[in-house]
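In what follows, chains are A, B, ... by sequence order, proteins preceding strands, each numbered from 1.
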Amino acid sequence: MAVSLAMKRKSEGKKVALGDLDIVNVYFRSREKAEVLEEKGIHVVSSTLGHRSGLDLPAISSEIRNYFFDPDAQVILDVGGDKAGTNALVMFRQDVLSVGYEMIFTVNAYRPQTSDLAGLLYHLEGIEFVSRLTVTGLAVTTHQLRDTTVSDVMKGYDLAKQLSEKRGIPIRYVCALPHVLQELPEDLEGEQIPIGMYLREEWM
Amino acid sequence: MAKVLMKGNEAIGEAAIRAGCRYFFGYPITPQSELPEYMSLHLPKAGGVFLQAESEIAAINMVYGASGSGARVMTGSSTPGIALKQEGISYIAGAQLPCVIVNMMRGGPGLGSIQPAQSDYNQSTRGGGGGDYRLLAYAPASVQEMVDYVQLAFDKADEYRNPVLVVGDGVIGQMMEPVEFRATAASDLPPKDWATTGTGGKRPPNIINSLYLDAEELERHNIHLAEKYNRIKENEQRWESVGLEGAELVIVAYGTTARIAKSAMENLNRQGKKIGLLRLITLWPFPEKGFAELDEATKDLLVVEMSMGQMVDDVRIVNEGKRGVHFVGRSGGVIPSTALVEEKILEILERSE
(Lines give C-alpha, C1' and ligand atoms only; values in the text may rest on other atoms or scores of the structure.)
Protein backbone atom coordinates (compact mmCIF):
# COMPACT_ATOMS: atom_id res chain seq x y z
CA MET A 1 0.00 0.00 0.00
CA ALA A 2 2.82 2.41 0.89
CA VAL A 3 4.51 1.91 -2.48
CA SER A 4 1.22 2.25 -4.38
CA LEU A 5 0.24 5.37 -2.42
CA ALA A 6 3.65 6.91 -3.16
CA MET A 7 3.20 6.11 -6.85
CA LYS A 8 -0.25 7.73 -6.88
CA ARG A 9 0.93 10.90 -5.14
CA LYS A 10 3.86 11.15 -7.55
CA SER A 11 1.54 10.77 -10.53
CA GLU A 12 -0.42 13.73 -9.14
CA GLY A 13 2.77 15.80 -9.47
CA LYS A 14 3.77 15.88 -5.82
CA LYS A 15 7.26 15.68 -4.36
CA VAL A 16 7.24 12.35 -2.54
CA ALA A 17 9.61 10.70 -0.08
CA LEU A 18 9.05 7.21 1.28
CA GLY A 19 10.58 6.23 4.61
CA ASP A 20 10.74 2.49 5.07
CA LEU A 21 10.74 1.98 8.85
CA ASP A 22 10.28 -1.80 8.70
CA ILE A 23 13.10 -3.21 10.80
CA VAL A 24 11.22 -6.28 12.04
CA ASN A 25 11.47 -8.41 8.95
CA VAL A 26 13.78 -8.11 5.98
CA TYR A 27 11.46 -9.74 3.45
CA PHE A 28 8.93 -7.87 1.28
CA ARG A 29 9.92 -4.38 2.35
CA SER A 30 9.22 -1.20 0.36
CA ARG A 31 12.98 -0.60 0.03
CA GLU A 32 13.22 -3.66 -2.24
CA LYS A 33 11.60 -1.47 -4.88
CA ALA A 34 13.82 1.56 -4.20
CA GLU A 35 15.26 1.48 -7.71
CA VAL A 36 11.82 1.49 -9.36
CA LEU A 37 10.61 4.23 -7.02
CA GLU A 38 13.70 6.39 -7.47
CA GLU A 39 13.32 6.09 -11.26
CA LYS A 40 9.86 7.60 -10.85
CA GLY A 41 11.37 10.40 -8.76
CA ILE A 42 10.26 9.10 -5.37
CA HIS A 43 13.07 9.28 -2.85
CA VAL A 44 13.39 6.22 -0.63
CA VAL A 45 15.02 6.36 2.77
CA SER A 46 15.66 3.20 4.76
CA SER A 47 18.76 2.07 6.62
CA THR A 48 21.81 4.27 7.15
CA LEU A 49 23.65 1.39 5.47
CA GLY A 50 21.61 1.43 2.27
CA HIS A 51 18.68 -0.53 0.91
CA ARG A 52 20.38 -3.93 0.88
CA SER A 53 17.88 -6.64 1.67
CA GLY A 54 20.27 -8.75 3.72
CA LEU A 55 20.70 -6.16 6.46
CA ASP A 56 18.89 -7.45 9.53
CA LEU A 57 19.69 -4.34 11.57
CA PRO A 58 17.55 -1.83 13.45
CA ALA A 59 19.24 1.04 11.62
CA ILE A 60 17.05 3.79 10.18
CA SER A 61 18.45 6.85 8.46
CA SER A 62 17.29 10.14 9.91
CA GLU A 63 17.64 11.60 6.41
CA ILE A 64 13.87 11.26 6.15
CA ARG A 65 13.59 14.16 8.64
CA ASN A 66 14.81 16.53 5.91
CA TYR A 67 11.55 15.94 4.11
CA PHE A 68 9.36 16.43 7.19
CA PHE A 69 10.21 20.12 7.16
CA ASP A 70 9.92 20.60 3.40
CA PRO A 71 6.46 22.14 2.94
CA ASP A 72 6.26 20.83 -0.64
CA ALA A 73 7.03 17.23 0.24
CA GLN A 74 4.57 14.48 0.91
CA VAL A 75 6.29 12.03 3.28
CA ILE A 76 5.01 8.48 3.61
CA LEU A 77 6.37 6.42 6.48
CA ASP A 78 5.92 2.68 5.97
CA VAL A 79 5.76 1.21 9.47
CA GLY A 80 6.09 -2.56 9.87
CA GLY A 81 2.97 -4.55 10.70
CA ASP A 82 2.07 -4.38 14.35
CA LYS A 83 2.98 -2.76 17.63
CA ALA A 84 6.45 -4.32 17.56
CA GLY A 85 7.04 -2.70 14.18
CA THR A 86 5.66 0.59 15.53
CA ASN A 87 8.64 0.98 17.89
CA ALA A 88 10.65 2.26 14.95
CA LEU A 89 8.24 5.17 14.56
CA VAL A 90 8.82 6.47 18.08
CA MET A 91 12.16 8.11 17.21
CA PHE A 92 10.33 10.45 14.82
CA ARG A 93 7.39 11.16 17.13
CA GLN A 94 8.29 14.72 18.10
CA ASP A 95 8.90 15.69 14.46
CA VAL A 96 5.71 14.02 13.33
CA LEU A 97 3.73 15.90 15.99
CA SER A 98 5.28 19.23 15.10
CA VAL A 99 4.68 19.01 11.34
CA GLY A 100 1.29 17.32 11.61
CA TYR A 101 0.41 13.85 10.43
CA GLU A 102 -2.13 11.37 9.24
CA MET A 103 -1.75 7.90 10.72
CA ILE A 104 -3.40 5.24 8.60
CA PHE A 105 -4.38 1.84 9.99
CA THR A 106 -4.82 -0.86 7.38
CA VAL A 107 -7.73 -3.28 7.49
CA ASN A 108 -7.11 -6.66 5.94
CA ALA A 109 -10.08 -8.83 6.86
CA TYR A 110 -8.36 -11.96 5.53
CA ARG A 111 -5.51 -11.82 8.03
CA PRO A 112 -6.58 -14.10 10.89
CA GLN A 113 -5.52 -11.63 13.60
CA THR A 114 -7.52 -8.75 12.09
CA SER A 115 -10.50 -10.66 10.75
CA ASP A 116 -12.92 -9.21 13.29
CA LEU A 117 -13.56 -6.02 15.21
CA ALA A 118 -11.90 -7.30 18.39
CA GLY A 119 -8.71 -8.19 16.52
CA LEU A 120 -8.63 -4.84 14.76
CA LEU A 121 -9.12 -2.93 18.01
CA TYR A 122 -6.38 -4.95 19.71
CA HIS A 123 -3.88 -4.08 16.99
CA LEU A 124 -5.01 -0.48 16.56
CA GLU A 125 -4.77 0.19 20.29
CA GLY A 126 -1.38 -1.55 20.48
CA ILE A 127 -0.03 0.64 17.70
CA GLU A 128 -1.40 3.82 19.32
CA PHE A 129 -0.02 2.76 22.71
CA VAL A 130 3.48 2.18 21.39
CA SER A 131 3.62 5.21 19.09
CA ARG A 132 1.75 7.57 21.40
CA LEU A 133 0.19 8.92 18.21
CA THR A 134 -3.43 8.68 17.14
CA VAL A 135 -4.77 6.71 14.21
CA THR A 136 -6.54 9.30 12.05
CA GLY A 137 -7.78 7.17 9.19
CA LEU A 138 -8.42 3.64 7.98
CA ALA A 139 -7.36 1.98 4.75
CA VAL A 140 -9.13 -1.04 3.32
CA THR A 141 -6.39 -3.37 2.13
CA THR A 142 -8.39 -6.60 2.14
CA HIS A 143 -7.29 -8.79 -0.76
CA GLN A 144 -6.71 -12.27 -2.14
CA LEU A 145 -3.69 -11.25 -4.27
CA ARG A 146 -4.41 -11.50 -8.01
CA ASP A 147 -7.76 -13.23 -7.36
CA THR A 148 -9.20 -10.29 -5.41
CA THR A 149 -12.85 -9.60 -6.23
CA VAL A 150 -15.24 -6.77 -5.45
CA SER A 151 -16.79 -8.89 -2.69
CA ASP A 152 -13.36 -9.37 -1.07
CA VAL A 153 -12.84 -5.60 -0.95
CA MET A 154 -16.38 -5.06 0.30
CA LYS A 155 -15.83 -7.60 3.07
CA GLY A 156 -12.90 -5.46 4.22
CA TYR A 157 -14.85 -2.26 3.71
CA ASP A 158 -17.73 -3.49 5.86
CA LEU A 159 -15.34 -4.50 8.61
CA ALA A 160 -13.52 -1.16 8.35
CA LYS A 161 -16.91 0.57 8.61
CA GLN A 162 -17.56 -1.21 11.91
CA LEU A 163 -14.21 -0.05 13.23
CA SER A 164 -14.84 3.42 11.86
CA GLU A 165 -18.14 3.66 13.75
CA LYS A 166 -16.72 2.16 16.91
CA ARG A 167 -13.76 4.54 17.09
CA GLY A 168 -14.99 7.52 15.06
CA ILE A 169 -12.14 7.21 12.57
CA PRO A 170 -12.95 7.84 8.89
CA ILE A 171 -12.13 5.43 6.09
CA ARG A 172 -9.52 7.39 4.16
CA TYR A 173 -8.43 4.89 1.51
CA VAL A 174 -9.77 1.90 -0.37
CA CYS A 175 -6.93 -0.05 -1.98
CA ALA A 176 -7.35 -2.69 -4.68
CA LEU A 177 -6.14 -3.80 -8.07
CA PRO A 178 -7.13 -1.20 -10.70
CA HIS A 179 -9.72 -3.41 -12.43
CA VAL A 180 -11.40 -4.18 -9.09
CA LEU A 181 -11.53 -0.49 -8.16
CA GLN A 182 -13.45 0.20 -11.36
CA GLU A 183 -16.18 -2.20 -10.33
CA LEU A 184 -16.63 -0.94 -6.76
CA PRO A 185 -19.83 0.89 -5.78
CA GLU A 186 -19.50 4.63 -6.34
CA ASP A 187 -20.70 5.79 -2.95
CA LEU A 188 -17.80 4.34 -0.92
CA GLU A 189 -16.06 6.52 1.59
CA GLY A 190 -12.36 7.22 1.01
CA GLU A 191 -9.92 7.79 -1.82
CA GLN A 192 -9.25 4.88 -4.14
CA ILE A 193 -5.63 3.73 -4.39
CA PRO A 194 -4.73 1.38 -7.24
CA ILE A 195 -2.45 -1.38 -5.98
CA GLY A 196 0.46 -2.15 -8.27
CA MET A 197 1.64 -5.40 -6.60
CA TYR A 198 5.17 -4.07 -7.04
CA LEU A 199 6.65 -6.50 -4.53
CA ARG A 200 5.27 -9.62 -6.19
CA GLU A 201 7.33 -11.09 -9.00
CA GLU A 202 5.32 -12.51 -11.90
CA TRP A 203 5.66 -16.06 -10.48
CA MET A 204 4.42 -15.14 -6.98
CA MET B 1 -13.63 -22.83 5.80
CA ALA B 2 -12.96 -19.52 4.03
CA LYS B 3 -9.45 -18.77 2.88
CA VAL B 4 -7.28 -16.60 5.07
CA LEU B 5 -4.08 -14.76 4.21
CA MET B 6 -1.10 -16.13 6.04
CA LYS B 7 2.65 -16.04 5.80
CA GLY B 8 4.17 -19.45 5.16
CA ASN B 9 5.74 -19.64 8.61
CA GLU B 10 2.48 -18.76 10.38
CA ALA B 11 0.55 -21.25 8.26
CA ILE B 12 2.99 -24.03 9.18
CA GLY B 13 2.35 -23.31 12.84
CA GLU B 14 -1.41 -23.38 12.44
CA ALA B 15 -1.27 -26.54 10.31
CA ALA B 16 0.87 -28.27 12.93
CA ILE B 17 -1.49 -27.36 15.77
CA ARG B 18 -4.44 -28.63 13.74
CA ALA B 19 -2.50 -31.84 13.08
CA GLY B 20 -2.30 -32.41 16.82
CA CYS B 21 1.20 -31.05 17.44
CA ARG B 22 1.30 -29.94 21.07
CA TYR B 23 5.02 -29.35 21.61
CA PHE B 24 7.40 -27.03 19.83
CA PHE B 25 11.01 -26.62 20.81
CA GLY B 26 13.11 -24.19 18.85
CA TYR B 27 15.47 -21.30 18.67
CA PRO B 28 14.70 -18.23 16.55
CA ILE B 29 16.45 -17.65 13.24
CA THR B 30 15.61 -15.57 10.18
CA PRO B 31 13.77 -16.40 7.93
CA GLN B 32 11.63 -18.80 10.00
CA SER B 33 11.19 -16.91 13.29
CA GLU B 34 7.47 -16.36 12.68
CA LEU B 35 7.01 -20.10 13.24
CA PRO B 36 8.24 -20.15 16.87
CA GLU B 37 6.53 -16.79 17.35
CA TYR B 38 3.23 -18.26 16.17
CA MET B 39 3.70 -21.35 18.31
CA SER B 40 4.56 -19.30 21.40
CA LEU B 41 1.25 -17.47 21.04
CA HIS B 42 -1.03 -20.29 19.92
CA LEU B 43 0.30 -23.57 21.34
CA PRO B 44 -0.50 -22.70 24.97
CA LYS B 45 -4.08 -21.86 23.89
CA ALA B 46 -4.31 -25.38 22.42
CA GLY B 47 -3.09 -26.90 25.68
CA GLY B 48 0.43 -27.38 24.38
CA VAL B 49 3.89 -26.21 25.31
CA PHE B 50 6.17 -23.86 23.43
CA LEU B 51 9.68 -23.69 24.74
CA GLN B 52 12.49 -21.56 23.41
CA ALA B 53 15.56 -23.69 23.98
CA GLU B 54 19.00 -22.31 24.71
CA SER B 55 20.26 -23.62 21.39
CA GLU B 56 19.24 -25.64 18.36
CA ILE B 57 21.04 -28.65 19.84
CA ALA B 58 18.98 -28.41 23.01
CA ALA B 59 15.80 -27.98 20.97
CA ILE B 60 16.27 -31.13 18.88
CA ASN B 61 17.05 -33.16 22.00
CA MET B 62 13.84 -31.87 23.61
CA VAL B 63 12.08 -33.10 20.46
CA TYR B 64 13.77 -36.48 21.01
CA GLY B 65 12.38 -36.62 24.54
CA ALA B 66 8.85 -35.48 23.71
CA SER B 67 8.64 -37.82 20.75
CA GLY B 68 9.87 -40.72 22.89
CA SER B 69 6.93 -40.14 25.18
CA GLY B 70 4.55 -40.38 22.24
CA ALA B 71 3.70 -36.72 21.71
CA ARG B 72 3.31 -34.99 18.36
CA VAL B 73 6.24 -32.60 18.34
CA MET B 74 7.92 -30.19 15.97
CA THR B 75 10.98 -28.05 15.65
CA GLY B 76 11.92 -25.54 13.01
CA SER B 77 14.96 -23.59 11.99
CA SER B 78 16.91 -22.39 8.99
CA THR B 79 20.06 -23.67 7.31
CA PRO B 80 22.80 -23.19 9.97
CA GLY B 81 20.34 -24.06 12.73
CA ILE B 82 19.34 -27.28 10.98
CA ALA B 83 23.04 -28.07 10.63
CA LEU B 84 23.31 -27.87 14.42
CA LYS B 85 20.41 -30.29 14.84
CA GLN B 86 21.95 -33.06 12.73
CA GLU B 87 23.29 -35.19 15.56
CA GLY B 88 19.93 -35.16 17.32
CA ILE B 89 18.13 -36.01 14.08
CA SER B 90 20.36 -39.06 13.66
CA TYR B 91 19.54 -40.14 17.24
CA ILE B 92 15.80 -39.70 16.59
CA ALA B 93 16.00 -41.67 13.34
CA GLY B 94 18.07 -44.35 15.08
CA ALA B 95 15.55 -44.63 17.89
CA GLN B 96 12.74 -44.72 15.29
CA LEU B 97 10.80 -41.78 16.66
CA PRO B 98 8.33 -39.63 14.77
CA CYS B 99 8.71 -35.85 14.60
CA VAL B 100 8.44 -33.04 12.08
CA ILE B 101 11.37 -30.73 11.35
CA VAL B 102 10.94 -27.57 9.29
CA ASN B 103 13.86 -25.99 7.43
CA MET B 104 13.27 -22.58 5.87
CA MET B 105 16.49 -22.53 3.90
CA ARG B 106 18.71 -19.48 3.64
CA GLY B 107 22.00 -18.81 1.91
CA GLY B 108 25.04 -20.80 3.01
CA PRO B 109 27.57 -22.21 3.70
CA GLY B 110 28.38 -21.22 7.26
CA LEU B 111 26.29 -18.43 8.70
CA GLY B 112 25.62 -17.46 5.09
CA SER B 113 22.86 -14.92 4.51
CA ILE B 114 19.29 -14.40 5.62
CA GLN B 115 17.97 -14.45 2.06
CA PRO B 116 16.26 -17.47 0.45
CA ALA B 117 18.23 -20.46 -0.84
CA GLN B 118 17.91 -24.16 -1.60
CA SER B 119 21.45 -25.16 -0.84
CA ASP B 120 20.46 -27.69 1.83
CA TYR B 121 19.42 -30.27 -0.77
CA ASN B 122 22.35 -32.50 0.10
CA GLN B 123 21.75 -31.98 3.80
CA SER B 124 18.05 -32.80 3.38
CA THR B 125 18.52 -35.92 1.25
CA ARG B 126 21.77 -37.31 2.65
CA GLY B 127 21.62 -35.96 6.19
CA GLY B 128 24.41 -34.60 8.29
CA GLY B 129 24.24 -37.00 11.21
CA GLY B 130 26.09 -40.28 11.44
CA GLY B 131 24.84 -43.66 10.37
CA ASP B 132 22.54 -45.24 7.81
CA TYR B 133 19.42 -43.16 8.14
CA ARG B 134 17.04 -41.29 5.88
CA LEU B 135 14.43 -38.60 6.30
CA LEU B 136 11.24 -38.35 4.31
CA ALA B 137 11.59 -34.80 2.94
CA TYR B 138 8.73 -32.73 1.52
CA ALA B 139 9.36 -29.55 -0.48
CA PRO B 140 6.07 -27.65 -0.86
CA ALA B 141 5.89 -24.82 -3.39
CA SER B 142 3.14 -22.65 -1.94
CA VAL B 143 1.74 -21.65 1.42
CA GLN B 144 -1.28 -23.91 0.79
CA GLU B 145 0.98 -26.86 0.04
CA MET B 146 2.95 -26.08 3.19
CA VAL B 147 -0.24 -26.46 5.18
CA ASP B 148 -1.22 -29.69 3.44
CA TYR B 149 2.21 -31.30 3.70
CA VAL B 150 2.86 -30.28 7.30
CA GLN B 151 -0.38 -32.04 8.22
CA LEU B 152 0.60 -35.08 6.14
CA ALA B 153 4.13 -35.02 7.59
CA PHE B 154 2.82 -35.73 11.09
CA ASP B 155 0.89 -38.75 9.82
CA LYS B 156 3.81 -40.08 7.80
CA ALA B 157 6.17 -39.58 10.76
CA ASP B 158 3.86 -41.70 12.91
CA GLU B 159 3.26 -44.26 10.19
CA TYR B 160 6.96 -44.91 9.58
CA ARG B 161 8.25 -43.94 13.04
CA ASN B 162 10.75 -41.64 11.41
CA PRO B 163 11.54 -37.90 11.41
CA VAL B 164 9.95 -36.07 8.48
CA LEU B 165 11.54 -32.94 7.09
CA VAL B 166 9.53 -30.15 5.48
CA VAL B 167 11.76 -27.77 3.55
CA GLY B 168 10.97 -24.39 2.14
CA ASP B 169 13.02 -21.31 1.63
CA GLY B 170 12.84 -17.80 3.00
CA VAL B 171 10.39 -16.69 0.31
CA ILE B 172 7.80 -19.37 1.10
CA GLY B 173 8.26 -18.71 4.81
CA GLN B 174 7.68 -14.99 4.42
CA MET B 175 5.27 -14.82 1.51
CA MET B 176 1.63 -14.21 2.31
CA GLU B 177 -0.87 -16.29 0.34
CA PRO B 178 -4.50 -17.36 0.75
CA VAL B 179 -4.79 -20.69 2.54
CA GLU B 180 -7.51 -23.03 3.56
CA PHE B 181 -7.22 -25.46 6.45
CA ARG B 182 -8.98 -28.59 5.35
CA ALA B 183 -10.08 -31.20 7.81
CA THR B 184 -7.53 -33.97 7.68
CA ALA B 185 -8.73 -37.45 6.88
CA ALA B 186 -8.75 -39.74 9.88
CA SER B 187 -5.68 -41.83 9.37
CA ASP B 188 -5.31 -45.43 10.37
CA LEU B 189 -2.12 -45.13 12.38
CA PRO B 190 -0.59 -47.80 14.57
CA PRO B 191 -0.81 -47.27 18.35
CA LYS B 192 2.33 -45.81 19.93
CA ASP B 193 2.89 -48.87 22.09
CA TRP B 194 6.64 -48.15 22.09
CA ALA B 195 6.30 -44.79 23.88
CA THR B 196 7.58 -44.19 27.42
CA THR B 197 4.23 -43.41 28.95
CA GLY B 198 4.55 -45.42 32.15
CA THR B 199 4.13 -49.17 32.47
CA GLY B 200 1.22 -49.02 34.89
CA GLY B 201 2.76 -52.19 36.28
CA LYS B 202 1.32 -54.06 33.30
CA ARG B 203 4.25 -54.33 30.89
CA PRO B 204 8.02 -54.18 30.87
CA PRO B 205 9.41 -50.63 30.50
CA ASN B 206 9.76 -49.21 26.99
CA ILE B 207 13.28 -47.96 26.37
CA ILE B 208 14.13 -45.24 23.87
CA ASN B 209 17.73 -45.60 22.79
CA SER B 210 20.06 -45.50 19.81
CA LEU B 211 23.04 -47.16 21.49
CA TYR B 212 23.79 -50.80 20.75
CA LEU B 213 26.55 -52.66 22.57
CA ASP B 214 26.31 -55.66 20.26
CA ALA B 215 27.48 -55.03 16.68
CA GLU B 216 25.34 -57.74 15.15
CA GLU B 217 22.26 -56.48 16.91
CA LEU B 218 22.95 -52.99 15.51
CA GLU B 219 23.44 -54.51 12.06
CA ARG B 220 20.04 -56.21 12.37
CA HIS B 221 18.61 -52.82 13.38
CA ASN B 222 20.20 -51.21 10.30
CA ILE B 223 18.76 -53.91 8.04
CA HIS B 224 15.36 -53.26 9.59
CA LEU B 225 15.76 -49.51 8.99
CA ALA B 226 16.89 -50.13 5.39
CA GLU B 227 13.75 -52.18 4.77
CA LYS B 228 11.68 -49.33 6.13
CA TYR B 229 13.47 -46.82 3.89
CA ASN B 230 12.86 -49.08 0.90
CA ARG B 231 9.15 -49.09 1.76
CA ILE B 232 9.21 -45.29 1.91
CA LYS B 233 11.01 -45.20 -1.46
CA GLU B 234 8.36 -47.44 -2.96
CA ASN B 235 5.31 -45.72 -1.50
CA GLU B 236 6.07 -42.08 -0.85
CA GLN B 237 7.56 -40.58 -4.02
CA ARG B 238 5.63 -37.45 -4.95
CA TRP B 239 5.97 -35.08 -7.84
CA GLU B 240 3.96 -32.87 -10.16
CA SER B 241 4.44 -33.01 -13.89
CA VAL B 242 3.24 -30.35 -16.31
CA GLY B 243 3.34 -30.59 -20.10
CA LEU B 244 5.66 -33.59 -20.37
CA GLU B 245 4.02 -34.90 -23.54
CA GLY B 246 6.05 -33.88 -26.56
CA ALA B 247 8.27 -31.59 -24.49
CA GLU B 248 11.65 -30.86 -26.09
CA LEU B 249 13.07 -29.86 -22.74
CA VAL B 250 11.85 -30.55 -19.21
CA ILE B 251 12.74 -28.33 -16.26
CA VAL B 252 13.42 -30.13 -12.97
CA ALA B 253 12.90 -27.98 -9.89
CA TYR B 254 11.20 -27.81 -6.53
CA GLY B 255 9.72 -25.22 -4.16
CA THR B 256 10.09 -21.56 -5.08
CA THR B 257 12.27 -22.20 -8.13
CA ALA B 258 9.62 -24.57 -9.53
CA ARG B 259 7.25 -21.59 -9.55
CA ILE B 260 9.81 -19.42 -11.31
CA ALA B 261 10.45 -22.27 -13.75
CA LYS B 262 6.72 -22.67 -14.37
CA SER B 263 6.42 -18.98 -15.29
CA ALA B 264 9.39 -19.30 -17.64
CA MET B 265 7.86 -22.45 -19.14
CA GLU B 266 4.51 -20.75 -19.75
CA ASN B 267 6.20 -17.71 -21.33
CA LEU B 268 8.17 -19.90 -23.75
CA ASN B 269 5.25 -22.21 -24.55
CA ARG B 270 3.25 -19.13 -25.54
CA GLN B 271 6.03 -18.49 -28.08
CA GLY B 272 5.53 -21.98 -29.53
CA LYS B 273 8.25 -23.84 -27.61
CA LYS B 274 7.53 -27.19 -26.02
CA ILE B 275 8.79 -27.04 -22.46
CA GLY B 276 7.64 -29.25 -19.60
CA LEU B 277 8.15 -29.21 -15.86
CA LEU B 278 8.83 -31.98 -13.41
CA ARG B 279 8.44 -30.59 -9.91
CA LEU B 280 9.74 -32.62 -7.00
CA ILE B 281 7.41 -32.68 -4.02
CA THR B 282 9.52 -35.24 -2.15
CA LEU B 283 13.25 -34.55 -2.22
CA TRP B 284 13.74 -37.91 -0.53
CA PRO B 285 12.60 -40.31 -1.75
CA PHE B 286 13.72 -38.82 -5.05
CA PRO B 287 10.72 -39.21 -7.42
CA GLU B 288 12.35 -41.63 -9.86
CA LYS B 289 8.89 -42.75 -10.96
CA GLY B 290 8.20 -39.23 -12.21
CA PHE B 291 11.19 -39.45 -14.54
CA ALA B 292 9.78 -42.66 -16.00
CA GLU B 293 6.96 -40.50 -17.40
CA LEU B 294 9.33 -38.41 -19.53
CA ASP B 295 8.52 -38.40 -23.23
CA GLU B 296 10.83 -39.92 -25.87
CA ALA B 297 10.83 -36.50 -27.52
CA THR B 298 12.54 -34.93 -24.52
CA LYS B 299 16.21 -34.43 -25.27
CA ASP B 300 17.25 -32.22 -22.39
CA LEU B 301 16.66 -31.75 -18.69
CA LEU B 302 17.32 -28.42 -17.02
CA VAL B 303 17.78 -28.35 -13.26
CA VAL B 304 16.86 -24.98 -11.73
CA GLU B 305 17.88 -24.40 -8.13
CA MET B 306 18.81 -21.69 -5.68
CA SER B 307 22.15 -23.42 -5.12
CA MET B 308 25.23 -24.22 -7.16
CA GLY B 309 23.49 -27.32 -8.50
CA GLN B 310 23.20 -29.80 -5.65
CA MET B 311 20.29 -31.71 -7.20
CA VAL B 312 22.11 -32.26 -10.51
CA ASP B 313 23.76 -35.47 -9.24
CA ASP B 314 20.42 -37.14 -8.48
CA VAL B 315 19.03 -36.09 -11.85
CA ARG B 316 22.11 -37.57 -13.56
CA ILE B 317 21.65 -40.84 -11.64
CA VAL B 318 18.01 -41.23 -12.65
CA ASN B 319 18.71 -40.04 -16.20
CA GLU B 320 21.22 -42.85 -16.86
CA GLY B 321 22.88 -40.81 -19.59
CA LYS B 322 19.78 -40.71 -21.78
CA ARG B 323 19.35 -36.96 -22.04
CA GLY B 324 21.44 -33.86 -21.67
CA VAL B 325 21.45 -32.62 -18.07
CA HIS B 326 21.93 -28.87 -17.63
CA PHE B 327 21.82 -26.48 -14.73
CA VAL B 328 20.95 -22.87 -14.11
CA GLY B 329 20.54 -21.21 -10.75
CA ARG B 330 21.56 -18.47 -8.38
CA SER B 331 22.92 -18.89 -4.90
CA GLY B 332 23.81 -17.07 -1.72
CA GLY B 333 20.30 -15.67 -1.31
CA VAL B 334 19.75 -14.43 -4.87
CA ILE B 335 16.47 -15.50 -6.50
CA PRO B 336 16.76 -16.48 -10.17
CA SER B 337 14.56 -14.50 -12.53
CA THR B 338 12.19 -16.06 -15.04
CA ALA B 339 14.28 -14.29 -17.72
CA LEU B 340 17.43 -16.14 -16.61
CA VAL B 341 15.64 -19.49 -16.90
CA GLU B 342 14.18 -18.56 -20.30
CA GLU B 343 17.59 -17.50 -21.63
CA LYS B 344 19.16 -20.75 -20.50
CA ILE B 345 16.40 -22.81 -22.11
CA LEU B 346 16.74 -20.96 -25.42
CA GLU B 347 20.51 -21.45 -25.31
CA ILE B 348 20.09 -25.24 -24.79
CA LEU B 349 17.45 -25.53 -27.53
CA GLU B 350 19.65 -23.62 -29.97
CA ARG B 351 22.60 -25.94 -29.28
CA SER B 352 20.45 -29.06 -29.74
CA GLU B 353 19.17 -27.93 -33.14
Would you indicate whether the side-chain heavy atoms of A:Val26 and B:Gln174 approach each other to under 4.5 Å? no
Evaluate whether atom NZ of B:Lys274 has more than 12 neighbouring non-hydrogen atoms of other residues, nucleotides or ligands under 6.0 angstrom away. no
With chain A as the partner, which of B:Ile114, B:Thr256, B:Asn267 has the greatest number of non-hydrogen pairs under 4.5 Å? B:Ile114
Taking all non-hydrogen atoms of both residues into account, name the closest pair between A:Arg111 and B:Met6 and its distance. NH1-CA, 3.4 Å
Please flag which part of B:Thr30 lies under 4.5 Å from any non-hydrogen atom of chain A: side chain, backbone, both or neither. side chain
Can you confirm whether B:Tyr27 is buried at OH, in the sense that more than 12 heavy atoms of other residues, nucleotides or ligands lie under 6.0 Å from that atom? no
Less than 4.5 Å to any heavy atom of chain B: does that hold for the side chain of A:Asn25, its backbone, both, or neither? side chain
Can you confirm whether A:Lys83 is buried at NZ, in the sense that more than 12 heavy atoms of other residues, nucleotides or ligands lie under 6.0 Å from that atom? no
Can you establish whether the number of heavy atoms outside A:Arg93 located under 6.0 Å from its atom CZ is more than 12? yes
For A:Lys14, does the NZ atom sit with more than 12 other heavy atoms under 6.0 Å from it, leaving out its own atoms? yes
Should B:Met176 and A:Leu145 count as side-chain neighbours, where that means a heavy-atom distance under 4.5 Å? no
So do the side chains of A:Met204 and B:Glu177 get within less than 4.5 Å of each other, counting heavy atoms only? no
Atom CD of A:Glu183 with >12 non-hydrogen neighbours under 6.0 angstrom: yes
Quick check on side chain to side chain contact (heavy atoms under 4.5 Å, CB included): which of B:Ile335, B:Thr257, B:Val341 does A:Trp203 satisfy it with? B:Ile335
Which one of B:Gly170, B:Ser142, B:Gly107 has the most heavy-atom pairs closer than 4.5 Å to chain A? B:Gly170
Ion pair present between A:Glu201 and B:Arg259, side-chain N to carboxylate O less than 4.0 angstrom? no
Please look at B:Glu10 and chain A and tell me whether the side chain, the backbone, both or neither of the residue comes under 4.5 angstrom of a heavy atom of that chain. side chain
Atom CE of residue position A:Met91 - does it have more than 12 heavy atoms of other residues, nucleotides or ligands inside 6.0 Å? yes
Just so I understand: if I count every heavy-atom pair under 4.5 Å between each of A:Tyr27, A:Tyr110, A:Phe28 and chain B, which residue has the most? A:Tyr27
